[in-house]
Asks: 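Here you go, one structure.
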Amino acid sequence: MHGRPRKPLKPEDAAASAAKAEKLRVLQSQFLHNHHNHIYSKEAVELSTKLLETNPELYTAWNYRKLAVQHKLTENDSDPDSLKSILDEELRVVESALRQNFKSYGAWHHRKWILSKGHSSIDNELRLLDKFQKADSRNFHAWNYRRFVAASMNRSEEDELKYTEDMICNNFSNYSAWHNRSLLLSNLLKRKVEGFVSKEKVLPDEYEFVHQAIFTDPDDQSGWFYHLWLLDQTVRVDSPQLVSSWPTPGSDLILLGDRCLDGCASSPFTRFHLDSRTFPLVLYFNQAVEGVNSSTITVDSELNTNKDLVWKPLSSCNSKAAQVWVTQLNLPDGNTHSSKVFPVEDSSPISSLYQLSIKNDNELTDFEWRAATIAKEIDHFRELLSLINCKIGKLTLARLLMAHDAMMCPPANKISHSEEVLELYNDLMRLDPTHVQYYKDQHSLVLLQQVTSNWESLLSRCFHYSNSPSNRGSPMCLQLKNLSLSRLGSFDKLLWVQMLDLSHNELRSIEGLEALQLLSCLNLSNNILGSFTALEPIRQLKSLRALNISYNEIGAHSIDTTKYLCSSPLSHSVGSEWNHGQTVIDDDIKSYWEAYFILKGLNLTQFDIVGNAIVNEKFKSFLIKVLPGLKWLDGEQLH
Amino acid sequence: MGELAADKHVKYIISVEKKKDSFESVVMEHLRLNGAYWGLTTLDILGKLDAVDEEDVISWILKCQDESGGFAGNIGHDPHVLYTLSAVQVLALFDKVDILDADKRLDKINVDKAVEYIVSCKNLDGGFGCTPGGESHAGQIFCCVGALAIAGALHHVDKDLLGWWLCERQVKSGGLNGRPEKLPDVGIFSQPNLMMEHSCRVHWINKDKLVKFILDCQDMENGGISDRPDDAVDVFHTYFGVAGLSLLEYPGLKPIDPAYALPVDVVNRIFFSKK
């Protein structure tokens, strides 16, 4: 129980409590009797008043009072005075109940109900709110009610903004006030109210305001999230941008058939080994977008007519929006054994996309103040860190430096801060060990950005994958093993990858990997994947033929932390697909539904799974059933 | 680190069910059905659901049902969504959901509109409040994210942003608070944990410290778990403490499903035996 110390009840206290309880029980049962028999006499209503003043959580009593009020209103039809006194009485009861428990949902709701009858004045309500907010400035019921009153009584957002400023100046450790401020400001900016038309004019003062909170007490979290929101307002570009695509624009795409030897000197980034008659066109945006189809994207190609192209969003939840979209181009017959070169023009796939815009003029001028703001913030936080070695200082600086690098991309002279940022995250792991896993994940993301930042760095990690039992002439493998990666990212730079080695890392999930549509071989051995649901992205990798998940932790955990990330039968997005896909949900599928759901529909020829707790003879024979095309399981050839 | 005094907690829960004389007990009579859900789910996680009389419980629950089909918090009170949920959950524990008139299913609910409403409660810090514009609160986040998970709509959640907000709920003592600059609370503790489970960010919370915090909140003499060490215990926090430990894979406990807040075998039983 909140705030009540744990101590055994003394016998005299227990007796007193029992006596009080008996009294209350009598009142409650009398009340229920009145309620069920629709008795709204003066005494009956007073009884409910007494009850609510003792126990405002008795929700049935608030229902009763509403019925009593409605009853009285129909009786005293058109007398405005008695109407006023009836509603005044309700307001008094609410206030009295709130004094007993100012967090009572039922009481606040009842007051809103009274107000909906057109009663009370804004001054009255604000006066009440002031009282409660003085008692507890974080009472979110009061804040919710304040928003309700302001909206229904047309109090201006600017006035409310001033109120949050007063509250914060009184005590900056008031997250509720900062939250309300961000809400109001965000509305004012969105509606471009006078005085709030340009972010460039509004944000600097806000930065200064929040600095006072953060720099005075860096350990107080109240200002952190507000600052993060300001940062987001500074760097965010509202319209979606195309970040990357495959085939890479401005190069020659070379398609190699299955009998081609790997003798050509072309780079792995523009060479694609086909094993079927189609190859994908992949678009990667900076945020989830909807509406990519053949009327919004025009592809000029000698292989297909544009209107035949069907674009699919790669989303795990059957959502219509996704960051990555893919379509398939078909090769004409007779082309699978030789190589063919296709020049890919610079902007050819993206000729008309109504909701996308390459940086327009507005955003180009905006760029100046955005870059200047980030630069100023970087200076501020460097200064803070020179005075106090604090976590929020380091974390914010790391985020600012990454934001700065992202804005400068592609930079005229490449000054990347990634080394400094990696150091900052290493510092944070020591400074704030409670959150070491969060910093590790961020560190992994920055490391991947660094590794994928240029072609030379990527090429230095490309090797021939000699362990593959398949024939020569296979594509090159990108090795990102042994990097202590706990998180994946930078997929926009990896769209060309066909063979990927992520072994010997610390991956728990492969979120985002579905973007790598060309993947045919994936090595995830020696990681810490805890369940099949963590592999959800591979369901979208239709080209995958060889998968290695040996030496992970599948089957070792009783709790599945990625169960709801994928569209499983337990989430209702694909409930019907699950039920109708099978005539019989047999015992095997029930025991191994996660494996079944992830692997069915994949065309694997090679699968390695040894070293996971789930593996036994029963599971292996289940796998062979689910993967009919499988030729190799754990290194053994199947017959 | 201490240990989980499972037997003491079982005794505590049974005693709460029987002891209805104290003032606190009467004051909370209207939410007894919630209490039933908390107490009974805890017993199931501890593997001791048979410690109660199933017939007794079920017949009492059915007495709480109104002619509208909804359930009240206790006999004679008005029906309410909160208690209807608890009733269904308790019946699920006993595998007796079919005694209900099962016409109220997810397909009868306009899921899209529900998702829309939940998304309108999303805040700029990534969290969710109890109404549009309401401040982010771990308890609300639990409900909203759980609902989105059930509706297959987790893509609406900014997992990185919310994940960071939530992991920053873990304070030095290892416990979690419900909002910035508030005290840690076992009840709150479990809720962000549940949310993080949904989105594979749960490793951002330090598990060992959290387990220690919960174990420190136990009343080792009389059983039960409180919101923070040395406060009075109650069934609500006992439930969240034990459920939380289950999620943290504390040994000897039944695993719990983070979205439905019921043991995994109960949830699987419902889904895989649907016709």
Side-chain angles (χ1 to χ4, degrees), chain A residues 1-6 17-18 20-21 24-25 28 32 36 55 57-60 63 138 140 143-144 147 173 175-176 179 182-183 186 220-222 225 229 288 315-319 434-435 437-438 441 508-509 511 534 557-559 561-562 564-565 567 569-574 579 585 590, chain B residues 21-23 25-27 29-31 73 76-78 80 106 111 123-125 129-131 133-137 149-155 164-165 167-168 170 172 179-182 185 197-200 202-204 206 209 219 226-227 230-234 247 249 255 259 267 271-272 274:
Chain A
M1 190 67 61
H2 294 271
R4 274 186 49 225
R6 178 188 304 171
S17 170
K20 250 171 100 183
L24 188 58
R25 189 169 284 130
Q28 276 185 185
L32 285 177
H36 293 150
N55 183 14
E57 294 307 286
L58 188 58
Y59 67 96
T60 307
N63 290 350
R138 297 294 304 279
F140 67 79
W143 280 101
N144 283 348
R147 280 180 279 267
S173 180
Y175 189 88
S176 312
H179 162 76
S182 69
L183 208 59
S186 138
D220 187 308
Q221 296 192 3
S222 310
F225 304 90
W229 175 70
S315 90
S316 59
C317 299
N318 286 352
S319 143
T434 305
H435 297 109
Q437 292 298 332
Y438 174 76
D441 276 10
R508 291 178 174 79
S509 96
E511 247 180 281
H557 292 279
S558 50
I559 301 289
T561 64
T562 42
Y564 287 98
L565 277 182
S567 28
L570 296 181
S571 77
H572 292 258
S573 56
V574 284
N579 284 326
I585 299 181
K590 242 198 256 186
Chain B
D21 301 331
S22 71
F23 180 68
S25 187
V26 177
V27 152
E29 249 180 31
H30 62 279
L31 51 72
H77 292 248
D78 286 351
H80 191 304
L106 196 63
V111 177
N123 287 321
L124 299 167
D125 53 18
C130 60
T131 118
E135 184 185 335
S136 300
H137 182 285
I150 294 173
L154 272 180
H155 54 281
W164 183 59
W165 190 92
C167 80
E168 283 296 334
Q170 186 164 33
K172 289 215 174 70
R179 303 186 270 159
E181 300 306 308
K182 287 245 149 195
D185 179 335
E197 295 286 348
H198 292 309
S199 56
C200 200
V202 73
H203 59 284
W204 286 354
N206 184 316
K209 277 188 157 188
D219 181 340
S226 56
D227 62 333
D230 298 324
D231 268 1
V233 302
D234 59 54
L247 279 181
E249 301 186 82
V267 177
F271 277 94
F272 292 117
K274 260 206 308 207

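Sequence lines set the chain letters: A, B, ... in the order given, protein chains first and strands last, and positions in each chain run from 1.
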Asks: If we define contacts as heavy-atom pairs under 4.5 Å, which of A:Asp220, A:Leu58, A:Asn144 has the most with chain B?
Replies: A:Asp220
Asks: Has A:Lys20 got more than 12 heavy atoms of other residues, nucleotides or ligands less than 6.0 Å from its NZ?
Replies: no
Asks: Can you say whether A:Ser315 sits under 4.5 Å from chain B via the side chain, the backbone, both, or neither, judging by heavy atoms?
Replies: neither
Asks: Return yes if some donor-acceptor pair links the side-chain N/O of A:His179 with the main-chain N/O of B:Ser136 below 3.5 Å, else return no.
Replies: no
Asks: For a quick test of reading the model, state the closest non-hydrogen atom pair linking B:Glu181 to A:Arg138 and the distance between them.
Replies: CB-NH1, 4.1 Å
Asks: Evaluate the side-chain proximity of B:Asn206 to A:His435: yes if any heavy-atom separation is below 4.5 Å, no if none is.
Replies: no
Asks: What part of A:Ser558 lies closer than 4.5 angstrom to a heavy atom of chain B: side chain, backbone, both or neither?
Replies: both
Asks: Using a cut-off of under 4.5 Å on heavy-atom pairs, state which of A:Phe140, A:Trp229, A:Tyr59 scores highest against chain B.
Replies: A:Tyr59
Asks: Report yes or no: do B:Glu135 and A:Ser176 form a side-chain donor-acceptor pair below 3.5 Å?
Replies: yes
Asks: Quick one: are B:Lys172 and A:Thr434 in side-chain contact, heavy atoms under 4.5 Å?
Replies: no
Asks: What heavy-atom pair brings B:Gly76 and A:His36 nearest, and what distance separates the two atoms?
Replies: O-NE2, 2.7 Å
Asks: Out of B:His155, B:Gln170, B:His77, B:Glu168, which one racks up the most heavy-atom pairs below 4.5 Å with chain A?
Replies: B:Glu168
Asks: Side-chain contact, heavy-atom cut-off 4.5 Å: B:His30 with A:Asn55?
Replies: yes
Asks: Verify whether one side chain among B:Glu249 and A:His557 offers a donor that lies under 3.5 Å from an acceptor in the other.
Replies: yes
Asks: Mind ranking B:Gly73, B:Pro255, B:Gly133 by heavy-atom pairs under 4.5 Å with chain A and telling me who comes out on top?
Replies: B:Gly133
Asks: So, for B:Leu124 and A:Leu183, which heavy atoms are closest and what is the spacing to 0.1 Å?
Replies: CD1-N, 4.2 Å
Asks: Using side-chain heavy atoms (C-beta onward) and a distance below 4.5 Å, is A:Tyr175 in contact with B:Asp125?
Replies: yes
